Amino acid sequence: MVNSVSGRILEGSRVLVDGFNTHPFVLGIANGTLPLEKFKYFMIQDYLYLMEYAKVFAIGAGKSYDDEITDAFTAYVSSIRSGEMDIHRGYMSRLGIDVAEAAKTRMAQDNLSYTSYMLRIAYEAGPAEICAAILPCAVSYEEIAVKMVKEDPSCVEHDFFGEWIKGYSSMEYHAENEELIRITDKAAAGYGEEQIKRLVEIGNRCTLYEKAFWDMSWEMRK
């Protein structure tokens, strides 16, 4: 897999992604000690992030000349808005957060920078670059959750964080990531070495933004 374009993108961010597992925010979810005010902050900011994330796929669907890639991107928009966002809406209800008010919340600076970069890639580049921007984020969430379950299977039973862990460690989420990997490789078919290096660079930059997102959530930055 490492020799594939998707494999090179993911391998280019491997050290950073592996480090997420020891981040205090992630450890707090795993062992159930994360303060709820931090998780509340995270859920609102992640909700705002996902709204922009869906737009990235929507732009990609409009720019693609390949029907299969267009269909895949369109399906991701639907999955994000009816799948991942449903998890967030459920949590926000339990946390006493009004969804309409959450949508009007000011996006934190790190979040704004991250989503602005992804949208810039979407507007300026093509489907392969869009996949490169999305892939490390999507796969890192699965890897984080799967590692949590492997190290402590009972973590999925936690009465608050268990749903989050189950969602991102599920076979359904894994299948979505496998499809994204396949679409990434298809979109990059025929790319030369310099173009592939650019994809790896985009993936690495977005992984750095992912780290900033965890830091932002732990520190509850403005």
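Here, residue 1 is the first one in the sequence, and each next residue gets the next number. In what follows, every heavy atom counts, from backbone to side chain, and hydrogens, waters and symmetry copies are set aside. Note that this is a predicted model, so its numbers are computed, not measured.
The 12-atom threshold is exceeded at CZ of Arg221, counting heavy atoms of other residues, nucleotides or ligands nearer than 6.0 Å. In the displayed structure, Lys166 atom NZ is contacted under 6.0 Å by more than 12 heavy atoms of other residues, nucleotides or ligands. Within a 6.0 Å radius of OH in Tyr123, no more than 12 heavy atoms belonging to other residues, nucleotides or ligands are found.
When each of Ile59, Ile130, Ile69 is paired with Ser64, the side-chain contact (heavy atoms from CB on, under 4.5 Å) condition holds for Ile69 and for no other. The only member of Phe20, Tyr173, Trp164, Phe213 that meets ring-ring contact (aromatic ring centres under 6.0 Å, His included) when paired with Tyr141 is Trp164.
Under the 3.5 Å distance criterion, the side-chain polar atoms of Asp110 are left unmatched by any main-chain donor or acceptor of Met216. Ser13 contributes no side-chain N or O that, together with a main-chain N or O of Leu16, makes up a donor-acceptor pair within less than 3.5 Å. Side-chain atoms of Asn177 come within 3.5 Å of backbone N or O of Ala138 as a donor-acceptor pair. Of the possible donor and acceptor atoms, one in the side chain of Asn31 sits under 3.5 Å from a partner among the backbone N and O of Leu27. With hydrogens and angles ignored, the 3.5 Å screen pairs no side-chain donor or acceptor of Tyr49 with any backbone N or O of Met107. Judged by distance alone, the side chain of Gln45 and the main-chain N or O of Arg106 form a donor-acceptor pair under 3.5 Å.
Among residues at least two apart or in separate chains, salt bridge (charged side-chain N to carboxylate O under 4.0 Å, His left out) pairs with a member in residues 16-39 are Arg14-Asp18. Each side chain to side chain donor-acceptor pair (under 3.5 Å) pair with one or both residues in residues 124-134, not counting sequence neighbours, appears once here: Arg120-Glu124, Glu129-Tyr191.
Atom OG1 of Thr105 is separated from atom OH of Tyr41 by 10.5 Å, given to the nearest 0.5 angstrom.
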What verdict does the salt bridge (charged side-chain N to carboxylate O under 4.0 Å, His left out) test give for Lys147 and Glu143, after you've listed the backbone C-alpha separation in whole Å, the side-chain angles of each residue and the deciding distance to 0.1 Å?
CA-CA 6 Å; Lys147 190 172 190 296; Glu143 292 183 355; over 6 Å; no

Walk me through it: do Trp214 and Ile144 pass the test side chain to side chain contact (heavy atoms under 4.5 Å, CB included)?
CA-CA 12 Å; Trp214 291 120; Ile144 286 169; 3.8 Å; yes

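In the hydrophobic cluster analysis, where Ile, Leu, Val, Met, Phe, Trp and Tyr join through side-chain heavy atoms closer than 4.5 angstrom, Val146 is grouped apart from Tyr168.
The pair Arg8-Glu11 does not count as a salt bridge, with every side-chain nitrogen at least 4.0 angstrom from each carboxylate oxygen. At a threshold of 4.0 Å, the pair Glu163-Arg94 counts as salt-bridged, since one of the basic side-chain nitrogens sits closer than that to a carboxylate oxygen. For the pair Arg182 and Glu178, the salt-bridge criterion is not met [side-chain N within less than 4.0 Å of a carboxylate O].
Looking only at atom types and distance, the side chain of Glu210 has a donor-acceptor partner in the side chain of Tyr114 under 3.5 Å away. For the residue pair His23 and Asp215, a side-chain donor N or O sits within less than 3.5 Å of a side-chain acceptor on the partner. Neither side chain, Ser6 nor Thr184, offers a donor N or O lying under 3.5 Å from an acceptor on the other.
Using a 30° and 60° split on the angle between ring planes, Phe57 and Tyr53 fall in the perpendicular class, above 60°.
Between Asp185 and Val5, the shortest heavy-atom distance links the atoms OD1-N, 3.4 Å. Across all their heavy atoms, Leu180 and Ile134 have their closest contact at CD2-CG2, 3.8 Å.
Counting only heavy atoms from C-beta outward, the side chains of Lys197 and Glu194 approach each other to under 4.5 Å.
Partners of Thr74 by side-chain contact (heavy atoms from CB on, under 4.5 Å), not counting sequence neighbours, listed by chain and number: Ala61, Thr70.
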